[in-house]
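Only one structure is covered here, and it is reproduced in the block below.
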Protein chains: 2
Amino acid sequence: MMENSLKKYADAQNCPVRNVLDRFGDKWSTLVLLLLEEVEVLRFNELHKAIETISQKMLAVTLKSLEADGLIIRKQYQEIPPRVEYMLSARGASLMPHIKSLVQWANTNFEAIEQSREAYNR
Amino acid sequence: MMENSLKKYADAQNCPVRNVLDRFGDKWSTLVLLLLEEVEVLRFNELHKAIETISQKMLAVTLKSLEADGLIIRKQYQEIPPRVEYMLSARGASLMPHIKSLVQWANTNFEAIEQSREAYNR
DNA sequence: GTTATTAACTTACTTTTGGTAAGTAAAGAT
DNA sequence: ATCTTTACTTACCAAAAGTAAGTTAATAAC
């Protein structure tokens, strides 16, 4: 009764849900995407300052994987000191409505969830 | 020009977006939620078999945090061997449309993203 | 001519998180 | 007396993420 409906999630590699959601399952990707949607063009250090708690290393890793997935565009100028600008790609932009609907839900349910957490830890 | 629009993300603790999205930022929560939406009621071992690659420990941790957030309900029967059933709460159910819209996006964009990844790694 | 500055990262190292495998508890069946 | 069943927990190990310092190369200041 259950086997048929659940099997499709078993294989992480070939499951689109897991394969793609694992990517937003990381700590920073959605945040970077939200910032880029809001400000449109940002340099590495601007992102770093904006998020504050992210390390440079993690920001670099996050940007690379977003670029690899074609969600953001990296534009490098041949200048010194270096200048690199990041912005959403069309694909990245098409993702944002879905993420923002999640964000909206998070905003409306934030307080109730906090209260549940507190109640649970007592 | 940037300070005003970006500041709100700086503080993880009090930012609803970060605070709540960090929770789905883990590897397993969304998967458990999707399964529970599909099958409605599942026991610990059923979830464990369905996801396969999750460890019992991680499943226990995931279920606890989902319960703490009030997204799922844990119903324990006083029997031996023990019987515990998990199902979505109303709050959890209200989340699912947003998650599923993300899942849909993932399904439609899966192949293109895979191709981008391959191209990037060459 | 040496030193400082700037921006976008790397690298080496440490800490935190996640995974594996084995163990626990308690009743009923063998 | 031992085995089975279920829902976990615990001890130990591997992988991921965080920290801090280093790299590069041109221009500017001393």
Side-chain angles (χ1 to χ4, degrees), chain A residues 2 9-13 18-19 21-32 35-36 39 41-69 72-87 120-121, chain B residues 2 6 9-13 18-19 21-32 35-36 39 41-68 72-87 120-121:
Chain A
M2 184 182 59
Y9 297 107
D11 179 12
Q13 277 258 292
R18 302 203 39 191
N19 199 299
L21 288 194
D22 275 4
R23 186 52 57 97
F24 310 114
D26 86 323
K27 206 172 170 181
W28 303 111
S29 292
T30 42
L31 224 79
V32 169
L35 285 170
L36 286 177
V39 187
V41 178
L42 284 169
R43 301 175 66 174
F44 187 92
N45 277 345
E46 290 175 331
L47 283 161
H48 188 226
K49 275 169 208 153
I51 304 187
E52 271 188 356
T53 48
I54 198 175
S55 64
Q56 286 186 315
K57 176 189 153 191
M58 276 299 101
L59 180 55
V61 169
T62 301
L63 289 170
K64 259 184 206 164
S65 83
L66 289 173
E67 194 199 352
D69 286 6
I72 63 173
I73 292 164
R74 178 181 188 275
K75 189 173 178 188
Q76 178 171 8
Y77 297 82
Q78 289 311 90
E79 301 174 3
I80 286 185
R83 179 151 68 108
V84 178
E85 292 178 344
Y86 293 94
M87 65 195 83
Y120 187 85
N121 295 325
Chain B
M2 185 184 58
L6 297 185
Y9 296 108
D11 179 12
Q13 278 258 292
R18 303 203 36 191
N19 199 299
L21 289 194
D22 275 3
R23 186 53 55 99
F24 311 113
D26 85 323
K27 207 172 171 180
W28 305 111
S29 292
T30 42
L31 225 81
V32 169
L35 285 171
L36 286 177
V39 187
V41 177
L42 284 169
R43 299 175 67 173
F44 187 92
N45 278 345
E46 290 175 331
L47 283 162
H48 188 226
K49 274 169 209 153
I51 304 187
E52 270 188 357
T53 49
I54 198 175
S55 64
Q56 286 185 314
K57 175 188 155 193
M58 277 298 103
L59 180 55
V61 169
T62 301
L63 289 170
K64 259 183 205 164
S65 83
L66 289 173
E67 194 200 350
I72 63 172
I73 291 164
R74 179 180 187 272
K75 188 173 177 187
Q76 179 170 7
Y77 297 83
Q78 288 310 93
E79 299 174 4
I80 285 186
R83 179 152 69 107
V84 177
E85 292 179 345
Y86 293 95
M87 66 195 80
Y120 187 84
N121 296 325

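Convention: sequence-line order gives letters A, B, ...; per-chain numbering from 1.
- Atom CD1 in B:I54 sits about 16 Å away from atom P in C:dA21, given to the nearest Å.
- Applying the salt bridge (charged side-chain N to carboxylate O under 4.0 Å, His left out) test to pairs two or more places apart or on separate chains, none has a residue in residues 57-67 of chain A.
- Each end of the helix from C:dG1-D:dC30 to C:dT30-D:dA1 gets its own axis, taken as the rotation carrying the C1' atoms of four end pairs onto the next four within a five-pair window, and the two axes meet at 40° to the nearest 10 degrees.
- Reading DNA chain D from its 5' end, the first and the last nucleotide to sit under 4.0 Å from a heavy atom of chain A are D:dA17 to D:dA26.
- The CD atom of B:Q56 lies 6.5 Å from the CG atom of B:N45; values are rounded to the nearest 0.5 Å.
- In this structure, the separation between CG on A:L42 and CD1 on A:I51 is 9.0 Å, given to the nearest 0.5 Å.
- Between the CD atom of B:E52 and the C1' atom of C:dT20 there is a distance of 16 Å, rounded to whole Å.
- In this structure, B:L31 CG and B:L36 CG are separated by 10.5 Å, a value rounded to the nearest 0.5 Å.
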Pairs under 3.5 angstrom, nitrogen or oxygen only, protein versus nucleotides 4-11 of chain C, please.
residue	atom	partner	partner atom	Å
C:dA7	O3'	A:R43	NH2	3.1
C:dA7	O3'	A:P82	O	2.9
C:dA8	OP1	A:R43	NE	3.0
C:dA8	OP1	A:R43	NH2	3.4
C:dA8	OP1	A:V84	N	3.2
C:dA8	OP1	A:V84	O	3.4
C:dA8	OP2	A:N45	N	3.2
C:dC9	OP1	A:R74	NH2	2.6
C:dC9	OP2	A:Y86	OH	2.5
C:dC9	N4	A:Q56	OE1	2.3
C:dC9	N4	A:Q56	NE2	3.2
C:dT10	OP1	A:K64	NZ	2.9
C:dT10	OP2	A:K64	NZ	3.3

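- Partners of A:R43 by side-chain hydrogen bond (donor to acceptor under 3.5 Å, both in side chains), not counting sequence neighbours: none found.
- A search for salt bridge (charged side-chain N to carboxylate O under 4.0 Å, His left out) contacts involving B:R74 returns nothing, not counting sequence neighbours.
- Counting all heavy atoms, side chain and backbone alike, A:K49 lies closest to A:E52 at O-CG, 3.3 Å.
- Between the CG atom in B:L63 and the CD1 atom in B:I72 there is a gap of 4.5 Å [rounded to 0.5 Å].
- Note that OG1 of B:T62 is 10.5 Å distant from OH of B:Y86, once rounded to the nearest 0.5 Å.
- Atom-to-atom distance recorded for A:H48:NE2 and A:T53:OG1 is 9.0 Å, nearest 0.5 angstrom.
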